[in-house]
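Just so it is clear, the values below take in all heavy atoms, side chains as well, and ignore hydrogens, waters and symmetry mates.
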Amino acid sequence: MTSARRTAKPLATAALLVLTPALALALGGCGTERPGSAGPGAGSSPPPAGASPYSEPDAGDGAPHYRENHAFQSTAELSPADRARGDAEVKKVKSGLAGIAEGRKSTESRLHEALAGLGYAPETITTGTFGPHRNTFIVELGAICVEGALDGMVNGLVTAEAHGRYMEGTGCVKPRGGH
């Protein structure tokens, strides 16, 4: 029995050494493509360095399925007449809020007051705070939403844009989550 134990280990090592070159040759070509061989991706070139491998149009930051994952934030298209009205409302809001944006005088209540002073019904106005120096607003005008902010850190900055209502049924308030 002792001699069987002594010879088993050297025999296994010898068998492995004999098989290793054959095994290396057999496995050496696995998963590789050689120039000129027709294989997966033959004829296509890799994307340029730094470019996203995803070619989805409007893919935001290049992430796969960007549009699908953000579809819940889609807004209804505005008709040309509504687009023109929305653009006019944006100009009205920007010029009307410039006074309270200067000198960091904006608060949620002053913002609501200023928008009501521009002729918007109080029930159509939603205001909020985003961080310590930024006040946000939404004005619902039927199919048109005017959304924007006053930034207290950037003296006098008023941003606003017009868009259609959100398709998820949340009106002019951006939905918080998707699928």
Side-chain angles (χ1 to χ4, degrees), residues 40-179:
S44 65
S45 60
S52 171
Y54 305 102
S55 60
E56 184 177 355
D58 302 324
D61 63 357
H65 308 290
Y66 180 87
R67 282 185 306 188
E68 178 184 338
N69 291 339
H70 292 82
F72 71 97
Q73 297 175 344
S74 298
T75 58
E77 288 292 321
L78 292 175
S79 69
D82 284 342
R83 171 59 56 202
R85 180 176 171 224
D87 290 344
E89 296 295 335
V90 166
K91 286 179 185 174
K92 175 181 167 182
V93 166
K94 282 184 170 183
S95 64
L97 296 180
I100 66 168
E102 292 174 3
R104 299 181 183 170
K105 301 178 204 166
S106 64
T107 63
E108 246 186 287
S109 59
R110 286 193 73 168
L111 177 58
H112 197 279
E113 256 178 51
L115 288 167
L118 291 173
Y120 299 113
E123 63 273 4
T124 66
I125 303 167
T126 304
T127 58
T129 302
F130 184 76
H133 304 287
R134 188 176 179 110
N135 292 300
T136 60
F137 63 89
I138 300 169
V139 180
E140 295 191 38
L141 304 170
I144 304 168
C145 304
V146 177
E147 186 173 355
L150 281 75
D151 195 328
M153 291 301 288
V154 181
N155 198 19
L157 180 64
V158 180
T159 59
E161 69 172 338
H163 58 79
R165 298 171 71 80
Y166 287 98
M167 303 294 278
E168 285 285 310
T170 56
C172 290
V173 178
K174 190 174 193 174
R176 296 244 179 224
H179 63 241

**Study point:** Between CD on residue Glu140 and OG1 on residue Thr126, distance to nearest 0.5 Å
**Key:** 5.5 Å
Point to revise | Point-to-point distance, once rounded to the nearest 0.5 Å, from CD1 of Ile125 to CD1 of Ile138 | key: 11.5 Å
Practice item. Mind checking side chain to side chain donor-acceptor pair (under 3.5 Å) for Thr127 and listing every partner two or more places apart, or none if nothing turns up? Key: Glu108
Practice item. Please examine the side chains of Asn135 and Arg110, heavy atoms only from C-beta on, and report whether any two atoms are closer than 4.5 Å. Key: no
**Study point:** Leu97 side chain reached by Leu115 side chain, heavy atoms, under 4.5 Å
**Key:** yes
With sequence neighbours excluded, residues passing side-chain contact (heavy atoms from CB on, under 4.5 Å) with [X]:
| X | answer |
| --- | --- |
| Lys94 | Val90, Val158, Ala160 |
| Leu78 | Asp82, Arg83, Ile144 |
| His163 | Thr75, Cys145, Glu147, Glu161, Tyr166 |
| Ser95 | none |

Revision key, fill the gap. Nearest heavy-atom contact between Thr129 and Thr136 is N-OG1, 4.2 Å
Check your understanding: Considering all heavy atoms of both residues, which atom of Arg165 and which atom of Cys172 are nearest to each other, and what is their separation?
Key -> NH1-SG, 4.2 Å
Exercise for review: Report, as yes or no, whether the 6.0 Å neighbourhood of atom CD on Glu77 holds more than 12 heavy atoms from other residues, nucleotides or ligands.
Suggested key: no
Point to revise | Derivation of the side chain to side chain contact (heavy atoms under 4.5 Å, CB included) call for Thr159 and Asp151 | key: CA-CA 8 Å; Thr159 59; Asp151 195 328; over 6 Å; no
Study note, to complete from the structure: Residue pairs meeting side chain to side chain donor-acceptor pair (under 3.5 Å), one or both in residues 112-121, sequence neighbours left out, come to Glu89-Tyr120
